[in-house]
Amino acid sequence: SQKIEQNSEALNIQEGKTATLTCNYTNYSPAYLQWYRQDPGRGPVFLLLIRENEKEKRKERLKVTFDTTLKQSLFHITASQPADSATYLCAQPPNQAGTALIFGKGTTLSVSS
Amino acid sequence: GAVVSQHPSRVICKSGTSVKIECRSLDFQATTMFWYRQFPKKSLMLMATSNEGSKATYEQGVEKDKFLINHASLTLSTLTVTSAHPEDSSFYICSASQGTSQPQHFGDGTRLSIL
């Protein structure tokens, strides 16, 4: 079955630096990948969606890449701020396409001032 | 836009009680709603997919008689945990989607504690 791996459980960086989070998947390449942010005790909030025919997607200080050869997506936050501290989740459909999502375990980012 | 409201946010009850959790899409019609369970420091585990007017599709290992899902309208889905036991204690989160490959919009979750 498809698996999503976010290898780093935690990432600590200094304010102003670029945070890079990694999401690897096994087996098939999904039709799309999504990234979410989750704060403690809250539901996830959608950030970005990237499709298999897109190499890169940007939104303000956020950038996502999708490399089907490496079976990997990278999520970047430039000029990071303490307010960016949260858990970031990578998600994809369980059956290559469709509406349902399976999630990685997430990477908890801590940005210190 | 795309607000999903989930109630209650927290429930504490005795073993054997049935608990109903509501999930509403406030400003859009959701063709599909999802129910997840999340354990501390773990990722979201998809429990079931719910389409308006039809039976929910449960993931492998999820007891459909234990976790009853009703999707009565395009804006409301409910999850009832029947005869809850301490092992059912968890963080339950719902989400709503407007279609395939669209973002999911999540409620803020329900913290269920069974004594």
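Just so we're clear, the structure is a prediction, and the values are computed from it rather than from any experiment. In what follows, every chain begins at residue 1, and chains take the letters A, B, ... in the order their sequences are listed. Values below: all heavy atoms of this structure, side chains included; hydrogens, waters and symmetry mates excluded.
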K.L.:
I'd like to know if the side chain of B:Gln104 and the backbone of A:Phe46 have a donor-acceptor N/O pair within less than 3.5 Å.
P.N.:
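Between the backbone of A:Phe46 and the side chain of B:Gln104 there is no qualifying donor-acceptor contact (under 3.5 Å).
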
K.L.:
Would you find more than 12 non-hydrogen atoms of other residues, nucleotides or ligands less than 6.0 Å from B:Lys66 atom NZ?
P.N.:
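Buried by this count: over 12 neighbours within 6.0 Å.
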
K.L.:
Report yes or no: do A:Tyr25 and A:Val64 belong to one cluster of Ile/Leu/Val/Met/Phe/Trp/Tyr joined by side chain heavy-atom distances under 4.5 Å?
P.N.:
yes

K.L.:
Output a table of donor-acceptor pairs, distance under 3.5 Å, between side-chain atoms of residues 54-63 of chain B and any protein atom two or more places apart or on a different chain; print 'none' if there are none.
P.N.:
{"residue": "B:Ser54", "atom": "OG", "partner": "B:Asn51", "partner atom": "O", "Å": "3.3"}
{"residue": "B:Tyr58", "atom": "OH", "partner": "B:Phe67", "partner atom": "O", "Å": "2.6"}
{"residue": "B:Tyr58", "atom": "OH", "partner": "B:Ile69", "partner atom": "N", "Å": "3.3"}

K.L.:
Nearest heavy-atom pair of A:Phe103 and B:Ser43: which atoms, and what distance?
P.N.:
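Answer, listing the atom of A:Phe103 first, then B:Ser43: CB-OG, 3.1 Å.
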
K.L.:
Verify the cluster assignment for A:Val111 and A:Leu62: are they in a single hydrophobic cluster under the rule of side-chain heavy atoms below 4.5 Å apart?
P.N.:
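Yes, A:Val111 connects to A:Leu62 through the hydrophobic network.
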
K.L.:
Mind checking which of residues 107-115 of chain B sit less than 4.5 Å from chain A, heavy atom to heavy atom?
P.N.:
B:Gly107, B:Asp108

K.L.:
Which heavy atom of B:Ile93 sits nearest a heavy atom of A:Pro44, and at what distance?
P.N.:
CD1-CD, 4.2 Å

K.L.:
For A:Thr78, enumerate each residue passing the side chain to side chain donor-acceptor pair (under 3.5 Å) test, keeping only those at least two apart in sequence or located in another chain.
P.N.:
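A:Thr78 satisfies side chain to side chain donor-acceptor pair (under 3.5 Å) with no residue once adjacent residues are dropped.
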
K.L.:
What part of B:Leu44 gets closer than 4.5 Å to chain A, counting heavy atoms only: side chain, backbone, both or neither?
P.N.:
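Backbone plus side chain of B:Leu44, per the 4.5 Å heavy-atom cut-off to chain A.
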
K.L.:
Would A:Leu11 end up clustered with A:Phe75 when hydrophobic side chains under 4.5 Å apart are linked, directly or stepwise?
P.N.:
yes

K.L.:
With no hydrogens and no angle check, do the side chains of B:Gln38 and A:Gln38 hold a donor and an acceptor under 3.5 Å apart?
P.N.:
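The answer is yes; a qualifying pair exists.
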
K.L.:
Please check if A:Tyr36 and B:Phe91 belong to a single hydrophobic cluster, counting links between Ile, Leu, Val, Met, Phe, Trp and Tyr side chain heavy atoms closer than 4.5 Å.
P.N.:
yes

K.L.:
Does one hydrophobic cluster hold both A:Leu21 and A:Ile13, with members joined at side-chain heavy-atom distances below 4.5 Å?
P.N.:
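As far as the 4.5 Å side-chain criterion goes, A:Ile13 and A:Leu21 are connected within one cluster.
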
K.L.:
With a 4.5 angstrom heavy-atom cut-off, is it the side chain or the backbone of A:Leu101 that approaches chain B, or both, or neither?
P.N.:
both

K.L.:
Return the set of residues passing side chain to side chain donor-acceptor pair (under 3.5 Å) with B:Glu52 (not counting sequence neighbours), or none when no residue passes.
P.N.:
none

